[in-house]
Each structure stands twice: as C-alpha cells, then as structure tokens.
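Step one of this worksheet: look at the structure below.
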Amino acid sequence: MGTGHERLVGRRRFLVQAGRGALGIAILGVAAACGSSDGDDAAGDTADNAGTAAPSTAAPDSEAPSSATQESSAPAGALAWSRVNLGFVAAYVLVRGNEAAVVDTGVSGSEDAIGQVLDKAGPGWAGVRHVVLTHKHGDHAGSISEVLEAAPRASGYLGTDDLSAVEAPRKLTAIDDGDEVFGLQIVGSPGHTLGHMAVFDADTGVLLAGDALGNNGGLSGSNPQFTEDEAKARASVAKLARLQPSTILVGHGPPITSGAAAQLDRLADSL
Ligand SMILES: [Zn+2]
C-alpha cells in the first residue's frame with residue numbers, strides 16, 4: 001500500500017473495516033488517477049471526470065484505472081451513465097432524456113452521493129423512475145430505503161431469488177432473466193447470489209455487471225469469498241461474455257471502456 005494522500009485515510013480505514021483490504025490498492029489507484037478532479041474527498045465522493053467512451057490515451061489495458069471513465073457522453077436520446085464513487089463500491093446513474101434509473105444503492109448512507117450525481121447528470125431525484133438492485137448484499141442494497149424515499153416516483157427491482165433478503169419502504173418488483181426495465185435488458189447472472197441480475201443496454205453495449213464481475217487489478221469473476229454458487233458464477237461470466245459489451249461497469253473497481261468484450265472473452269475462457 002502506498003503512502004497515499006491524507007484525504008484517503010478515511011477511505012482506507014473503511015476498507016480495512018470492511019475486511020477487504022486487498023481492494024484498497026485498486027481504490028487508491030482510482031483516487032490517484034482522479035487526483036486532478038475537484039470533488040474527490042473521502043466521504044461519498046462523486047465521479048466527476050467527464051470523459052467519453054472512446055479509447056483514450058490513458059490506461060492502455062485493463063490493469064490501470066483510467067481517469068476518463070467515470071461518465072459517458074451520449075447523443076440525445078441514448079443512454080448516458082455516471083458512476084457514483086462510494087469508496088470500495090460504486091452505484092450507477094443511467095440517464096435517458098429527463099429520466100433516470102439508479103443501479104445499486106451502496107452501503108447505508110449513500111443517498112447523498114447518489115443524489116449529487118443525479119443532480120449533475122440532470123434529472124435529479126425527481127427524474128428517477130427505476131431503482132434496480134443487482135443483488136441483495138448490503139453494499140449494494142444498503143441505501144434502498146433512503147433512495148426510494150428520495151425518489152417517490154421510482155419503482156424498485158430485485159432478482160426473485162434475492163427478494164426476501166431486502167426490506168424496502170414499498171414493495172420491490174421481482175425481476176428475472178429476460179425482463180426489461182427502462183429499455184434495458186435484465187440478465188440473470190446467478191452465482192454471486194442466486195438472484196443476481198446484470199443490466200445491459202443493447203444500444204450502447206453498456207453492461208452493469210454488479211458483482212458477477214469485478215475489476216480490482218484486472219477483470220475477474222465473482223469474488224469467491226462472497227459467492228454462493230461457484231459453478232453458476234462461472235457460467236454467468238460466460239453468459240455475460242456472449243453479450244460482447246463495449247463497456248463494463250462493476251460494483252467493485254473502475255469501469256472498463258476499452259477492449260471490454262475481448263477482456264471478458266479472455267476471462268470466460270480462463271474459468
Ligand atoms: Zn455482492
């Protein structure tokens with residue numbers, strides 16, 4: 001672990017408390033890459049490095065987090081995404097016109113950071129129509145109550161097999177493989193949890209993989225330490241690879257916006 005900047009101390013401590021010290025290296029790498037940004041503080045900072053999905057001169061391959069991968073720019077009507085950097089985990093804001101979907105809600109207390117990204121992206125809380133949880137774990141579903149309360153017009157969704165594990169202020173809608181939400185494809189990707197759902201935008205090729213994939217020190221499958229069914233998790237990696245995504249957004253680790261399909265193919269072949 002490097003010497004780090006003083007402002008990273010809180011984040012590093014959080015990582016240790018979460019028992020995921022190994023992830024600290026990647027998070028510090030992300031923070032270092034974002035060092036010139038103006039909103040990068042330890043508590044719930046938001047991604048504000050505007051960039052395009054086009055290959056940039058930074059980060060020639062998967063290993064190095066790129067500073068130009070925290071938001072997409074999209075033509076009118078197309079889906080745009082923004083990453084909500086919550087430290088060791090991320091949530092995502094997807095925007096189409098004046099409407100938004102939130103994918104995952106971080107640990108409890110993440111609602112303000114999500115709200116900031118929603119404001120910056122345009123629609124704000126009032127524009128949120130959908131809140132999709134990729135799975136039941138507390139670092140993804142932790143702020144579902146606060147998020148649904150802040151977004152009164154939004155429906156919440158969670159995979160059928162994970163549904164009973166999460167409490168929400170209003171009934172969550174069960175989703176399964178092949179469903180569609182906000183024009184996005186729900187892709188059953190069990191293994192990490194049995195009800196794990198990825199989200200895929202066929203138009204832009206953006207894949208929100210939740211924890212079916214990780215990107216700490218390179219693209220990987222579900223972290224074995226937190227995987228309910230290893231065989232299913234491997235099969236899900238192969239299934240996601242068949243989507244040939246252009247961009248992969250994961251729960252833990254930086255986005256992959258260049259060579260995503262090839263990296264995922266290599267991973268699927270290696271499992
Ligand atoms: Zn998880």
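Note that this is a predicted model, so its numbers are computed, not measured. Just follow the structure's listing: the first ligand is 1, and inside any ligand the first atom is 1. Hydrogens, waters and symmetry mates play no part in the numbers below; they use all other heavy atoms, side chains included.
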Inset, instruction - For the pair Glu99 and Arg153, find out whether any cationic side-chain nitrogen is under 4.0 Å from an anionic carboxylate oxygen. - result: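 Salt bridge between Glu99 and Arg153, a charged N being under 4.0 Å from a carboxylate O: no.
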
Legend entry - Check: Ile175 and Val132 side chains under 4.5 Å, non-hydrogen atoms: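 They are in contact (side-chain heavy atoms under 4.5 Å apart), so the answer is yes.
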
Report whether any nitrogen, oxygen or sulfur of [X] sits less than 2.8 Å from the Zn ion (ligand 1) (N, O or S, backbone or side chain).
X      : answer
His196 : no
Asp139 : no
His192 : yes

Inset, instruction - Establish whether Leu163 and Val131 are linked, either directly or via other cluster members, by ILVMFWY side-chain heavy-atom contacts under 4.5 Å. - result: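 In one cluster with Leu163: Val131, yes.
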
Inset, instruction - State the CG-CG distance between Asn223 and Leu213, to the nearest 0.5 angstrom. - result: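 Output value for this atom pair is 12.5 Å.
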
Legend entry - the Zn ion (ligand 1) - name of the N/O/S atom of Asp211 that sits closest to it: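 Within Asp211, restricted to N, O or S, the Zn ion (ligand 1) is closest to atom OD2.
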
Inset, instruction - Just give me the atom name: the N, O or S atom of His137 closest to the Zn ion (ligand 1). - result: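 The closest N, O or S atom of His137 to the Zn ion (ligand 1) is ND1.
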
Inset, instruction - Indicate whether any N or O donor in one side chain lies under 3.5 Å from an N or O acceptor in the other, for Asp162 and His137. - result: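 No, because no side-chain N or O of Asp162 sits under 3.5 Å from a partner of the opposite role on His137.
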
